[in-house]
Amino acid sequence: MRIDVLGVGFDNLTLDEALEKASEIRGGYVVTPNPEIVWLARENEDLRLALCEASLVLPDGIGIAYGAKILGRPLKSRVPGIEFATALIARLASENKKVFLFGAKPGVAELAAERLKEKYPGLIICGTADGYFKDDAPIIAAINEAKPDFLLVCLGAPKQEIWMREHAGKLQAGLMAGLGGVLDVYAGIVERAPEAWSRSGFEWLYRLIKQPSRYKRMMKLPLFMFKVIGERIRGK
Ligand code: UDP
């Protein structure tokens, strides 16, 4: 049973429970929508379907947690995509499993691979590819050749969700997850908000200060909140 927040169903799991479920998935994919993605899915049918058909739908931002709470269907916890991915990578490293990094600007995935291998010595990075391709056939061939246990798909929304839906079950990959700017963070190009900011629910503000160009995208956050409050008032 998923918890509905403006038409997107979220799995009600803690991070540990999400990792447990992830270990059972073969050939499926994980999405980590934030309010902006939920808002986008209202207008983009391909994205909406990609979210619905995911094996795991994890609530990325504090906005989703607040939204669910306001709607009277609180989630156990929020599970940021980056925390899910990092915990899964740490687990896979201890089992000498294979990870493939796909997305971000040329060179970023390679840099992220170096940093991850320093941090998790047992980790096998079995391939990398940037996210600015004209034809994804060579990338698909490389993935099928490498057969990763975990494929990180970091193309931004909605491109990554739509790409995963199209390829789910057809790739030689154990599990894939759509993770936005996570490779930029692993590579050290973009900083994640300090612990205190994210714990108090202000990670979005930190990102806005660091990358003011995001303001247009972030305007969807108040729209999302107004809609949630409207639905609550109407008793939906
Ligand atoms: N990106 C990509 N291909 C594209 C568009 C974007 O690989 O065609 C990458 C971009 O370089 C960045 C990530 O996708 O690394 C999206 O990052 P953003 O911070 O916008 O994602 P969020 O985490 O906010 O969803």
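As the structure lists them, so they are numbered: ligands from 1, and atoms in each ligand from 1. For this chain, numbers begin at 1 and follow the sequence in order.
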> Quick one: which ligand 1 atoms are inside 4.0 Å of a heavy atom on Gly156?
Replying inline: 13 (C), 14 (O), 16 (C)

>> Return the closest protein heavy atom for atom 8 (O) of ligand 1 as residue, atom name and distance.
In response: Lys159 NZ, 2.7 Å

> Can you tell me the protein heavy atom closest to atom 24 (O) of ligand 1 and the distance?
Replying inline: Arg214 NH2, 2.7 Å

>> Strictly below 4.0 Å, N to O, side chains only: are Arg48 and Glu45 in salt-bridge contact?
In response: yes

> Taking the six-membered ring for Trp, is the centroid-to-centroid distance between Trp197 and Tyr206 below 6.0 Å?
Replying inline: yes

> For ligand 1, which atoms have a heavy atom of Arg207 less than 4.0 angstrom away?
Replying inline: 19 (O), 23 (O), 24 (O)

> Any N or O of Gly180 that comes nearer than 3.5 Å to an N or O of ligand 1?
Replying inline: no

>> If we ignore hydrogens and angles and just use 3.5 Å, is the side chain of Thr86 paired with the main-chain N or O of Glu83 as donor and acceptor?
In response: no

> Does Gln211 come within less than 4.0 Å of ligand 1, judged by its heavy atoms?
Replying inline: no

>> Testing the basics here: between Ala146 and Phe100, what is the closest heavy-atom pair and its distance to 0.1 Å?
In response: CB-CD1, 4.1 Å

> Would you say Gly131 has any N or O atom under 3.5 Å from an N or O of ligand 1, going by distance alone?
Replying inline: yes

> For atom 23 (O) of ligand 1, which candidate among Gly181, Ala187, Pro106 holds the nearest heavy atom?
Replying inline: Gly181

> Starting from atom 12 (C) of ligand 1, which protein heavy atom do you reach first, and at what distance in Å?
Replying inline: Asp184 OD2, 3.3 Å

> Okay, side chain of Asp149, backbone of Gly174: is any donor-acceptor separation there less than 3.5 Å?
Replying inline: no

> Identify the closest protein heavy atom to atom 1 (N) of ligand 1: which residue and atom is it, and at what distance?
Replying inline: Tyr132 OH, 3.2 Å

>> If we only consider heavy atoms of Leu183, is any one of them less than 4.0 Å away from an atom in ligand 1?
In response: no

> Going only through I, L, V, M, F, W and Y residues with side-chain contacts under 4.5 Å, is there a path from Val190 to Leu208?
Replying inline: no

> Please state which protein non-hydrogen atom is closest to atom 5 (C) of ligand 1 and give its distance, to 0.1 Å?
Replying inline: Leu155 O, 3.4 Å

> Are side-chain N/O atoms of Trp204 and Asn34 paired as donor and acceptor at under 3.5 Å?
Replying inline: no

>> What protein heavy atom lies closest to atom 9 (C) of ligand 1? Include the residue and the distance to one decimal.
In response: Cys154 O, 3.5 Å

> Can you say whether the rings of Phe102 and Phe133 are parallel (under 30°), tilted (30 to 60°) or perpendicular (over 60°)?
Replying inline: tilted

> Would one find an N or O of Arg217, backbone or side chain, under 3.5 Å from an N or O of ligand 1?
Replying inline: yes

> About how many Å separate CG of Leu101 and CG of Asp130, when rounded to the nearest 0.5 Å?
Replying inline: 12.0 Å

> Under 3.5 Å between some N or O of ligand 1 and some N or O of Ala104?
Replying inline: yes

>> With salt bridge (Lys or Arg N to Asp or Glu O under 4.0 Å) as the test, pick out the partner of Glu36 among Arg217, Arg42, Arg207, Lys216.
In response: Arg217

